[in-house]
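This report refers to the structure that appears directly beneath it.
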Protein chains: 2
Amino acid sequence: MDIVEISKVLSNKTRVNILKWLKNPELNFPPHQDIDHFDDGVCVGFIQDKTGLSQSTISTYLNSMQNAGLVIPTRHGKWTYYRRNESVIKTYIEALKTSL
Amino acid sequence: MDIVEISKVLSNKTRVNILKWLKNPELNFPPHQDIDHFDDGVCVGFIQDKTGLSQSTISTYLNSMQNAGLVIPTRHGKWTYYRRNESVIKTYIEALKTSL
DNA sequence: TTTACATATCTAAATAAATAGATATGTTTT
DNA sequence: AAAACATATCTATTTATTTAGATATGTAAA
């Protein structure tokens with residue numbers, strides 16, 4: 001859990017939005033066709049549509065978020081689903097509260 | 001209080017360190033000569049010495065931290081003292097906890 | 001077993017951040 | 001009033017980030 005690395009992720013409006021949206025997938029994304037739940041998160045395409053940015057940009061964003069530990073990817077067939085990593089998010093905020 | 005702007009400040013090791021050091025000025029900096037307290041914070045020169053970066057870089061850093069609301073400057077003669085803005089720091093962490 | 005599709009990675013261009021030297025500004029001292 | 005000093009701002013260079021198009025990879029469907 002690297003404070004600077006995570007702060008870098010949060011220093012971009014789109015990436016902050018993605019994290020916020022993933023808190024409530026039912027509310028922020030259309031339902032998936034192959035699976036009837038959001039337990040493993042949301043597929044890249046839905047996130048891309050919502051942001052309006054290019055596919056490669058969103059893939060890069062999600063990769064940096066994953067490297068920072070903020071999201072967890074799960075592959076379902078040809079789709080990759082991303083969900084929040086609540087424990088890392090919580091640990092980060094705790095670290096700010098105590099060490100900052 | 002802008003989450004993205006504050007996160008940008010925190011996405012740099014030196015700036016995070018400055019904020020941490022300012023939590024305990026007596027512990028992290030030599031005593032001031034003209035005033036016998038740290039109530040208004042620490043002068044730029046001390047901060048610069050501690051980081052080893054150039055005067056202009058530290059001045060720029062402190063300016064960006066001030067713009068984000070994280071620190072408060074006070075002029076004492078020819079020195080400018082910087083101290084933490086605890087309420088903004090607290091509000092930022094609270095905002096992360098609720099909105100993130 | 002091609003073809004189509006979703007996502008990842010590569011490459012490149014534009015923009016922003018980091019950093020320091022030089023100079024300007026404001027303050028104090030002589 | 002001039003010299004000295006602390007900090008701020010300006011200018012320029014290097015490095016990182018943003019972003020998208022092109023291409024590669026992995027999976028599923030025809």
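These numbers come from the heavy atoms of this one structure, side chains and all, not from hydrogens, waters or symmetry mates. Quick caveat: nothing in here was measured; it's all calculated off a predicted structure. A, B, ... follow the sequence lines: proteins, then strands. Residue 1 opens every chain.
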Residue pair A/Leu70, A/Arg84: steps toward the side chain to side chain contact (heavy atoms under 4.5 Å, CB included) verdict: CA-CA 6 Å; A/Leu70 289 168; A/Arg84 292 159 55 97; over 6 Å; no
Please test A/Val88 against A/Ile6 for side chain to side chain contact (heavy atoms under 4.5 Å, CB included), starting from the C-alpha separation and ending with a verdict. CA-CA 10 Å; A/Val88 168; A/Ile6 291 185; 4.0 Å; yes
Using the rule side chain to side chain contact (heavy atoms under 4.5 Å, CB included), only one of B/Asn67, B/Leu62, B/Asn63 pairs with B/Met65; which is it? B/Leu62
Nonpolar side-chain network containing B/Ile35, other nodes, edges under 4.5 Å: B/Trp79, B/Tyr81
Between the side chain of A/Asn12 and the main-chain N/O of A/Arg15, is any donor-acceptor distance below 3.5 Å? yes
Contact boundaries of DNA chain C with chain B (under 4.0 Å, heavy atoms), 5' to 3'? C/dA17 to C/dT28
For the pair B/Arg83 (side chain) and B/Asn85 (backbone), establish whether a donor and an acceptor sit closer than 3.5 Å, ignoring hydrogens and angles. no
Here the gap from A/Asn28 atom CG to A/Leu22 atom CG, rounded to the nearest 0.5 Å, amounts to 8.5 Å
Closest heavy-atom pair, A/Pro25 versus A/Val42, reported as atoms and distance to 0.1 Å, is CB-CG2, 3.8 Å
Side chains of A/Gln66 and A/Ile72: closer than 4.5 Å at any heavy-atom pair? no
Min side-chain heavy-atom separation A/Leu19-A/Lys23 under 4.5 Å: no
Can you work out whether B/Lys78 or A/Cys43 has the more 5'-proximal nearest nucleotide on DNA chain C? A/Cys43
Of A/Ser56 and B/Gly52, whose nearest nucleotide on DNA chain C comes first from the 5' end? A/Ser56
Using a strict heavy-atom distance below 4.0 Å, which residues from residues 25-32 of chain A are in contact with DNA chain D? none
Candidate pair A/His76 and A/Asp40, rule side chain to side chain donor-acceptor pair (under 3.5 Å), full reasoning: CA-CA 9 Å; A/His76 277 251; A/Asp40 288 329; 2.6 Å; yes
Using 4.0 Å as the upper bound for N to carboxylate O, is an ion pair formed by B/Glu5 and B/Lys8? no
With no hydrogens and no angle check, do the side chains of B/Thr60 and B/Thr57 hold a donor and an acceptor under 3.5 Å apart? no
What parts of residues 11-23 of chain B reach DNA chain D, counting only heavy atoms under 4.0 Å away? none
Hey, are the side chains of B/Trp21 and B/Thr51 touching, using non-hydrogen atoms and a 4.5 Å cut-off? yes
Interatomic distance, A/Leu53 CG vs D/dT19 P [rounded to whole Å]: 6 Å
Quick check for you: to the nearest 0.5 Å, what is the distance between A/Tyr92 atom OH and A/Ser7 atom OG? 3.0 Å
By the 4.0 Å heavy-atom rule, please label B/Tyr81 as base, sugar-phosphate, or nothing. nothing
Would you call the rings of A/Phe38 and A/His32 parallel, tilted or perpendicular, taking 30° and 60° as the class edges? tilted
Using atom CH2 of B/Trp79 as one end and atom C1' of D/dC5 as the other, report the distance to the nearest whole Å. 8 Å
What residues in residues 33-42 of chain B put a non-hydrogen atom under 4.0 Å from any atom of DNA chain C? none
In residues 57-76 of chain A, which residues come under 4.0 Å of DNA chain D by heavy atom? A/Thr57, A/Tyr61
Would you mind classifying the nucleic acid contact of B/Thr80 as base, sugar-phosphate or nothing, using non-hydrogen atoms under 4.0 angstrom? sugar-phosphate
